[in-house]
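Computed from a predicted structure; not experimentally measured. Residue indices begin at 1 and follow the sequence shown.
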Amino acid sequence: MVARYELIADELRDEILSGAHPVGSQLPSEAELAGRFRAARGTVRQAVAVLAAEGLVGSRQGARRIVLGTTRSQSFAELHSFAQWARSNGYRFGGEVIGQRRRPASGAEAARLGSGEVLEVLRLRSLEGEPVLLERTVYAEWVAGAVERLPADCESVTEALYAAVGLVFAYGEHLIDAVPAGAEDARLLGVRRGSPLLRQRRVTTTHEGRPVESSDDRYRAGSVAFSIRNSIGANPLVRQAGDLRFGL
């Protein structure tokens with residue numbers, strides 16, 4: 001059963017995305033929203049917190065929240081898969097394996113995953129019926145068999161592997177940059193070759209620190225934004241200098 005605050009968040013999100021609450025405007029107060037939805041103020045507060053986590057409204061506490069944008073965003077405050085994030089926010093999503101193969105690990109892959117052989121998987125993800133994400137994931141040999149047994153249209157690999165073998169993706173290290181779309185990227189994502197893509201590279205491990213996967217995820221421009229919450233006491237974001245030549 002869907003929680004009451006999630007239903008309220010869904011309705012407010014739809015209003016923001018449709019422009020009913022323009023960027024820079026104030027949401028109604030908690031008291032006004034509680035009256036409108038006939039819900040407790042605590043329930044309304046939970047709903048608005050969901051929108052704040054998505055980056056749609058300001059996170060500052062107070063009677064009213066400011067609408068910050070109309071872009072879907074994914075927070076790095078918690079480790080969630082694309083499918084888990086999409087489902088929690090009420091989006092229609094899908095996944096399809098374009099191809100997969102076992103092969104010898106490269107030197108870098110062997111160092112990252114501690115594996116001589118890997119399973120390489122190319123997966124296309126959709127959001128609201130549109131292709132938005134290409135995942136090029138390399139799995140360590142010890143988990144390759146379980147991944148191979150998953151259906152090609154598996155919606156959530158994270159959840160399926162937990163159900164099948166009890167695997168928990170516990171820790172992730174992420175690098176974010178921009179790259180131009182190559183021929184394969186352009187064809188599968190429906191963009192022009194050379195179009196900018198948001199790239200997220202990650203290495204994920206178990207609670208014990210055992211490497212599970214290394215992935216190169218490429219998002220179509222404008223499809224998803226990432227939000228990172230920090231403060232003077234906690235800053236999960238680290239800046240790294242990179243090669244300024246586009247795509248390297």
**Request:** Check whether any side-chain heavy atom of Arg149 sits under 4.5 Å from a side-chain heavy atom of Leu161, and report yes or no.
**Result:** no
**Request:** Check for a donor-acceptor pair, side chain of Glu109 on one end and backbone N or O of Ser106 on the other, with a separation under 3.5 Å.
**Result:** yes
**Asked** Just wondering, do Arg36 and Glu11 contact through their side chains at under 4.5 Å, heavy atoms?
**Response** yes
**From OH (Tyr219) to CG (Leu133), nearest 0.5 Å** = 5.0 Å
**Complete:** Residues Ser115 and Ala105: closest non-hydrogen pair is O-CB, 3.2 Å
**Nearest atoms (heavy-atom pairs only) where Tyr5 meets Thr43** = CB-O, 3.4 Å
**Message:** With a 4.5 Å cut-off on side-chain heavy-atom distances among I, L, V, M, F, W and Y, is there a chain of contacts connecting Val203 to Val147?
**Reply:** no
**Prompt:** Taking Gln200 as the fixed residue, which of Asp217, Asp216, Leu175 is the one that meets the side-chain contact (heavy atoms from CB on, under 4.5 Å) rule?
**Reply:** Asp217
**Message:** To the nearest 0.5 Å, what is the distance between NE2 on His174 and OG on Ser215?
**Reply:** 10.5 Å
**Prompt:** Considering all heavy atoms of both residues, which atom of Pro180 and which atom of Gly194 are nearest to each other, and what is their separation?
**Reply:** CB-O, 3.8 Å
**Asked** Going from CG on Leu7 to CG on Leu12, what distance comes out if it is rounded to the nearest 0.5 angstrom?
**Response** 11.0 Å
**Prompt:** Would Tyr139 and Leu150 show up in the same hydrophobic cluster when neighbours are defined by side-chain heavy atoms closer than 4.5 Å?
**Reply:** yes
**Complete:** All heavy atoms of Val67 vs all of Pro22, minimum pair found to be CB-O, 3.4 Å
**Request:** Can you measure from NE2 (His21) to CG (Asp14) and round to the nearest 0.5 angstrom?
**Result:** 10.5 Å
**Item:** Backbone of Gly129 reached by a side-chain donor or acceptor of Ser126 within 3.5 Å
**Value:** no
**Asked** Is there a side-chain contact between Phe93 and Glu155, using heavy atoms and a 4.5 Å cut-off?
**Response** yes
**Request:** Before accepting this row, confirm whether a basic side-chain N of the pair Glu120/Arg103 lies closer than 4.0 Å to the acidic partner's carboxylate O.
**Result:** yes
**Prompt:** Taking all atoms of both residues into account, what is the closest heavy-atom pair of Leu134 and Leu188, and its distance?
**Reply:** CD2-CD1, 3.7 Å
**Message:** Between Glu128 and Arg92 (side chain of the first, backbone of the second, donor and acceptor by atom type, cut-off under 3.5 Å), is there such a pair?
**Reply:** yes
**Request:** Check the hydrophobic clustering (I, L, V, M, F, W, Y; side-chain heavy atoms under 4.5 Å; chains of links allowed) and say if Trp142 and Val138 are grouped together.
**Result:** no
**Request:** Could you walk me through whether Leu119 and Val121 pass side-chain contact (heavy atoms from CB on, under 4.5 Å), step by step?
**Result:** CA-CA 6 Å; Leu119 174 67; Val121 180; 3.9 Å; yes
**Message:** Working note: Val157 + Arg123, criterion side-chain contact (heavy atoms from CB on, under 4.5 Å); need CA distance, chi angles, decisive distance, verdict.
**Reply:** CA-CA 11 Å; Val157 175; Arg123 184 177 289 105; 3.4 Å; yes
**Message:** Between Glu135 and Arg218 (salt bridge meaning N to carboxylate O under 4.0 Å), is one present in this structure?
**Reply:** no
**Asked** Can you tell me how far CZ of Arg41 sits from CD of Gln46, rounded to the nearest 0.5 angstrom?
**Response** 14.0 Å
**Message:** Between Val118 and Leu113, does the side-chain contact (heavy atoms from CB on, under 4.5 Å) criterion hold? Intermediate values first, please.
**Reply:** CA-CA 9 Å; Val118 295; Leu113 300 175; 4.0 Å; yes
**Message:** Quick one, Arg210 and Thr205 - any side-chain contact, counting heavy atoms below 4.5 Å?
**Reply:** no
**Side chain proximity check, Asp153 to Val97, heavy atoms < 4.5 angstrom** = no
**Prompt:** Checking side-chain contact (heavy atoms from CB on, under 4.5 Å) for the pair Glu213/Arg202: CA distance, chi angles, key distance, verdict?
**Reply:** CA-CA 8 Å; Glu213 62 173 13; Arg202 69 175 188 275; 3.0 Å; yes
**Message:** With a 3.5 Å distance limit and no angle check, can you tell me whether Thr204 reaches the backbone of Val212 through a side-chain donor-acceptor pair?
**Reply:** no
**Message:** Check this for me, if you would: do Glu148 and Arg102 make a salt bridge, where the nitrogen-to-carboxylate-oxygen distance has to be below 4.0 angstrom?
**Reply:** yes
**Prompt:** Nearest heavy-atom pair of Ala34 and Ala40: which atoms, and what distance?
**Reply:** CB-C, 4.5 Å
**Item:** Donor-acceptor contact below 3.5 Å, side chain Ser195 vs main chain Val191
**Value:** no
**Beyond-backbone contact of Val57 with Ile16, side-chain heavy atoms, under 4.5 angstrom** = yes
**Complete:** The salt bridge (charged side-chain N to carboxylate O under 4.0 Å, His left out) partner of Asp185 among Arg136, Arg192, Arg199 is Arg136
**Close side-chain approach of Glu130 and Arg220, heavy atoms under 4.5 Å** = yes
**Prompt:** Is there side-chain contact between Leu33 and Val48, with heavy atoms separated by less than 4.5 Å?
**Reply:** yes
